[in-house]
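Read the structure below first, then the notes.
Order of the sequence lines fixes the chain letters, A, B, ..., with proteins taken first and strands second; residue numbering starts at 1 for each chain.
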There are 2 protein chains.
Amino acid sequence: MLFSVKMQQNLTIADVMQNGGKWFMPSLSLDCVIFGFHENQMKVLLLKMKNAEQWALPGGFIYKDEDIEEAAIRVLRERTGIHDIFLQQFHVFGRPGRSDKKFHSDIMKKDGIKPAKDHWILQRFLTVGYYALVDFAHAIPHPDGTSTSCEWWDIHEVKELFMDHKHILDKALETLRLQLNHQPIGYTLLPQKFTMPELQKLYETILDKKLDRRNFQRRMMGYGILKRLSETRKGGAHKAPYLYSFDLRRYKKALQEGLQGGW
Amino acid sequence: MLFSVKMQQNLTIADVMQNGGKWFMPSLSLDCVIFGFHENQMKVLLLKMKNAEQWALPGGFIYKDEDIEEAAIRVLRERTGIHDIFLQQFHVFGRPGRSDKKFHSDIMKKDGIKPAKDHWILQRFLTVGYYALVDFAHAIPHPDGTSTSCEWWDIHEVKELFMDHKHILDKALETLRLQLNHQPIGYTLLPQKFTMPELQKLYETILDKKLDRRNFQRRMMGYGILKRLSETRKGGAHKAPYLYSFDLRRYKKALQEGLQGGW
DNA sequence: TATCATTGCGTCATAAAGACGCATTGTATG
DNA sequence: CATACAATGCGTCTTTATGACGCAATGATA
């Protein structure tokens, strides 16, 4: 987690540094791996940190009487503007050495604050990892108080992140892959209407391998979770593909058992 | 979590109550769902609590400089005597209302201690859930300082547990089911040598459904992860079945991709 | 020695998965 | 405006996996 004012836009860093210990659960943060799908690529939302040439996952602290999941929803809403978001807790990261204490104390010194050694922000922190799947077109990235910008990155281009955030991202991807048949991947990541090639590219990106176009279509239609619309997507350079949307009722039912078959 | 002396057998409850705040991470505990397999039934290790007519999951606190997983290993070692244990973190339980504060303050009052309202044990606690798979025959249940006994329960007979521990147990089982093809279920839960019917019963118990004996054998052998020994298990009332053991090299390799096929 | 439940191995029918052929379609090009 | 082109939609064929079940062999028991 960044140290930070992520969930309190109108609070200053100094406010949080001073009062965080009163407001938040001690030694605990959360980080969100927010996935989007755009131009046939998986994207992840990252923050450019104010005080360093690094990028980080959006995160936050948990108020003393707040459900962790509520806190995650809050962070997601503030970073993307989306209220109805799909998210899943996937892992707790708690190695004793994972917090960058120097980073935080340096920032405070810069602000003229000399933090006590037992200052809450300088303690060891655990972070609860959540991944979220959002419709790229509906998300409007908003930086928080600790960051200068908030941008989508292609997951393949992310090399190094703040602290152990790259590790967290990798673990999120791994989890997503394993849960592919049990989570509403397509429904949450694609717009309401989409083409079969788009859905296929989504699967290919997550699985990181090519799939046969014709077999993919047969299988997807076999699940009985897609409705083919009468419209087609015009404007492409070639034959206009049909648009599809999910039959949400059937989709959810199918996911309870898990979509059958491996990839 | 029980409040408790679980990881410090020679410490008194009073010791922990008084000093826990100095030693442990605040507001954080861990709980272990320890599975064993015996007489064709899945068992879970539970503690009978000293101060209540309730059973609870073994758990513990995390020292301030201790890795959470290390702490879980510590708890498992102390409850079972097993050093080389298979465990997996599966979920964090963090609802604000999940801690039973009255329970803890009552115990302290019983001991003549009048806890301050901000006493560490009376704070809101999160707990990190781990599940462990152990060889039943090698585990020797040891109660901890907060419990009068430590026993294996058939998972189907567990009705109600302390706080949200039943919920934690259910979630562990659900996770185990989902990860069946990716975890060394058989290797960790069965003794080194086992029969095919035993392996099948293990799968049937976890999946909670009957499988065809002959198709199960064909499929298992098809994975190429089992070695059939020349010995048979004598003593049964009927035809002596062959003993098998895992080809660990192949098994681990197969698990990386996941055993193919659904159940 | 006969009995009997269990075990090991096999067959058959059906369903799913993988590889690929081909006509159709909407756009672009000359 | 005819033609080329690449992507799409649908289908076939083959190979594998799955589900249901038959049957002989086995080893303790009566």
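- Note: CG (N181(A)) to P (dA17(C)) measures 10 Å, nearest angstrom.
- DNA chain C lies under 4.0 Å from at least one heavy atom of each of the following residues of residues 224-238 of chain B: R228(B), H238(B).
- Between the base of dA16(C) and the side chain of R219(A) there is no donor-acceptor pair shorter than 3.5 Å.
- Residues forming a salt bridge (charged side-chain N to carboxylate O under 4.0 Å, His left out) with K227(B) (at least two apart in sequence, or on another chain): none.
- In summary, of the residues considered (K209(A), K210(A), R213(A)), a salt bridge (Lys or Arg N to Asp or Glu O under 4.0 Å) with E204(A) occurs for K210(A) alone.
- Put simply, the side chain of Q183(A) does not reach to within 4.5 Å of the side chain of L176(A), judged on heavy atoms.
- Direction of the helix axis in the helix from dT1(C)-dA30(D) to dG30(C)-dC1(D) shifts by 10° between the two five-pair termini, rounded to 10°.
- A heavy atom closer than 4.0 Å to some atom of DNA chain D occurs in no member of residues 244-263 of chain A.
- The distance from atom CZ of R214(A) to atom P of dG21(C) is 8 Å, rounded to the nearest whole Å.
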Using distance only, find each side-chain donor-acceptor pair of residues 218-226 of chain A under 3.5 Å and give its atom names and separation, not counting sequence neighbours.
residue, atom, partner, partner atom, Å
R218(A), NH2, N215(A), OD1, 2.6
R219(A), NE, Y223(A), OH, 2.9
R219(A), NH1, G262(A), O, 3.0
R219(A), NH2, Y223(A), OH, 3.3
R219(A), NH2, Q260(A), O, 3.4
R219(A), NH2, G261(A), O, 3.3
R219(A), NH2, G262(A), O, 3.1
Y223(A), OH, Q260(A), O, 2.6

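- Contact between the side-chain N/O atoms of Q217(B) and the OP1/OP2 oxygens of dT7(C) is not found at any separation under 4.0 Å.
- Rounded to whole Å, the distance from CG on D212(A) to P on dA17(C) is 13 Å.
- The interatomic distance linking L243(B) (CG) with dT6(C) (C1') rounds to 15 Å, in whole Å.
- Every residue was checked against the ring pair (Phe, Tyr, Trp, His ring centres under 6.0 Å) condition with H182(A), not counting sequence neighbours, and none meets it.
- A 4.5 Å side-chain heavy-atom check between T232(A) and L243(A) finds every atom pair outside the cut-off.
- Scored by the salt bridge (charged side-chain N to carboxylate O under 4.0 Å, His left out) test, E39(B) finds no partners at all (sequence neighbours excluded).
- Between A240(A) and N215(A), the residue whose closest nucleotide on DNA chain D is further toward the 5' end is A240(A).
- With sequence neighbours excluded, no residue forms a side chain to side chain donor-acceptor pair (under 3.5 Å) with R177(B).
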Would F194(A) and F246(A) count as a ring pair (Phe, Tyr, Trp, His ring centres under 6.0 Å) here? Give the steps.
CA-CA 9 Å; F194(A) 52 89; F246(A) 283 96; 5.1 Å; yes
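- With a cutoff of under 4.0 Å to any heavy atom of chain A, the contacted region of DNA chain D is bounded 5' to 3' by dA6(D) to dG11(D).
- In terms of the side chain to side chain donor-acceptor pair (under 3.5 Å) criterion, residue partners of D212(A) (sequence neighbours excluded) are, by chain and number, R214(A).
- In this pair, W263(A) and Y203(A) present their aromatic rings tilted. The plane angle is within the 30 to 60° band.
- Rounded to an integer number of Å, the gap from NZ of K239(A) to P of dA28(C) is 17 Å.
- Around the CD atom of E151(B), the shell of radius 6.0 Å holds more than 12 heavy atoms that belong to other residues, nucleotides or ligands.
- Not counting sequence neighbours, the partners of K193(B) by the side chain to side chain donor-acceptor pair (under 3.5 Å) test are E231(B).
- Applying the salt bridge (charged side-chain N to carboxylate O under 4.0 Å, His left out) test to every pair with at least one member in residues 240-249 of chain A, sequence neighbours left out, gives these pairs: D247(A)-R250(A).
- One can find a donor-acceptor pair under 3.5 Å joining the base of dG18(C) and the side-chain atoms of R218(A).
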